[in-house]
Amino acid sequence: DRYEAKPCPGCGLGLHEGNVEVDHLVRPLGQAPRGASVVPYIDGDDISRRYAQISPSKELRLDFKGFSFKAASSYAAPKLLIRQAGVGLLVVIDRTGARVPQSVYWYRLTPEALKEGYMPEFLLGTLLSRAIAYYTFKRFSEVDPARAHAKVTHERLKGFPVPKVDFSDRRQRKLHDDVVSSVTKLLGGEAAVGGSEDMQIDIALRELWGLDAEDGLHIVLELAELPEGQVIRDLFPHGMPRQVLASSSAMTSKGLAVAVPR
């Protein structure tokens with residue numbers, strides 16, 4: 001919050017707080033000087049909850065000398081933005097073509113995937129599903145929001161089990177489209193996070209993965225055993241379903257371990 005005075009070794013000019021002009025590469029939206037070249041900008045602070053309908057709240061200056069930027073085509077919409085740091089997985093869809101910092105990863109469906117029929121909403125629903133939350137916690141053992149956690153990396157992300165859809169199979173195509181429809185409603189505010197559409201996404205994805213209702217119950221029971229934090233509140237904003245709590249109580253009373261590492 002303060003600067004030490006510095007004399008120039010060449011001309012002797014003294015630099016001090018009173019004669020140093022400060023400007024910012026990133027500013028809140030609409031606060032750049034008139035005539036400045038700016039583009040919308042999204043950073044990790046904007047990615048904080050499931051199924052957020054995100055819009056840039058900041059802008060990036062492109063006219064500063066000495067800074068080089070990637071081409072605008074690199075950030076073309078739509079793209080998925082994944083926050084590098086945080087417990088669990090935080091993902092949003094950006095439809096604005098906003099620039100992002102290095103701490104936010106962007107992913108787009110390949111032309112081949114788009115030609116097959118995949119939609120960005122399907123990938124978003126997959127990554128925000130309870131099954132993927134379970135996979136993330138089990139695979140990387142980072143479940144406590146009070147403890148430090150490692151960054152999400154591209155190496156980790158490429159191993160995530162996104163279900164492969166056979167679009168020539170009417171049932172699989174319908175499951176894909178059901179996920180897309182539910183995600184669209186959640187993003188548009190037509191459905192509530194934690195509501196029936198949110199749960200239907202998990203059910204459809206489990207079928208594509210080849211998991212049954214018992215597998216689904218196991219996943220939710222294990223999530224119920226985790227320390228409460230933002231991830232669990234986002235997955236179950238209204239608390240754990242009654243049938244899950246009843247199953248957990250029954251299993252515990254029988255002396256069975258609810259959280260069994262696999």
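Remember, predicted model here, so these are calculated numbers, not experimental data.
Here the shortest heavy-atom pairing between R108 and S73 reads NH2-O, 3.7 Å.
Summarising the geometry, atom CG belonging to L217 is positioned 12.5 Å from atom CG belonging to L211; distances are rounded to the nearest 0.5 Å. Note that OH of Y51 and CG of D198 are 5.5 Å apart. Values are rounded to the nearest 0.5 Å. Atom CZ of R206 and atom OG of S129 lie 9.5 Å apart (nearest 0.5 Å).
You'll find the side chain of E225 stays beyond 4.5 Å of the side chain of I232, heavy atoms only. Contact of the I54 side chain with the I42 side chain is registered, since non-hydrogen atoms from C-beta on lie closer than 4.5 Å. You'll find the side chain of Q172 stays beyond 4.5 Å of the side chain of K164, heavy atoms only. Considering only heavy atoms from C-beta on, V92 stays 4.5 Å or farther from I82 through its side chain. Looking at K138 and E222, their side chains come closer than 4.5 Å, going by heavy atoms from C-beta outward. For the pair L123/Y118, no side-chain contact is recorded, criterion being any heavy-atom separation below 4.5 Å from C-beta on. Here the side chains of R130 and M199 are in contact, with some heavy-atom distance below 4.5 Å. No side-chain heavy atom of D177 sits under 4.5 Å from any side-chain heavy atom of F122.
The local environment of CZ in R27 is crowded, with over 12 non-hydrogen atoms from other residues, nucleotides or ligands closer than 6.0 Å.
Linking ILVMFWY residues whenever their side-chain heavy atoms come closer than 4.5 Å, directly or via other members, leaves L60 and L29 in distinct clusters. In the hydrophobic clustering of this structure, V179 does not group with I203; members are Ile, Leu, Val, Met, Phe, Trp, Tyr whose side-chain heavy atoms approach within less than 4.5 Å, directly or through other members. Note on Y105: it clusters hydrophobically with V162, by side-chain heavy-atom contacts below 4.5 Å among ILVMFWY residues. Following chains of ILVMFWY side-chain contacts shorter than 4.5 Å, one cannot reach Y75 starting from L62, and the two form parts of different hydrophobic clusters.
Residues satisfying the side chain to side chain contact (heavy atoms under 4.5 Å, CB included) test with P101, not counting sequence neighbours, are Y41, D43, S103, V104. With sequence neighbours left out, the side chain to side chain contact (heavy atoms under 4.5 Å, CB included) criterion links T153 to E155, R156. By the salt bridge (charged side-chain N to carboxylate O under 4.0 Å, His left out) test, E207 is found to be paired with R171, residues two or more places apart in sequence or in another chain being considered. Listed by chain and number, the residues in a ring pair (Phe, Tyr, Trp, His ring centres under 6.0 Å) with F69 amount to none (sequence neighbours excluded).
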Verdict with supporting geometry, T126 and W209, side chain to side chain contact (heavy atoms under 4.5 Å, CB included): CA-CA 11 Å; T126 299; W209 273 311; 4.0 Å; yes

Full working for ring-ring contact (aromatic ring centres under 6.0 Å, His included) between Y107 and H154: CA-CA 10 Å; Y107 282 83; H154 293 297; 5.6 Å; yes

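Screening residues 181-192 for side-chain hydrogen bond (donor to acceptor under 3.5 Å, both in side chains) gives no qualifying pairs among residues at least two apart or on separate chains. Residue pairs meeting the salt bridge (Lys or Arg N to Asp or Glu O under 4.0 Å) criterion with at least one member in residues 63-75, sequence neighbours excluded: R61-D63.
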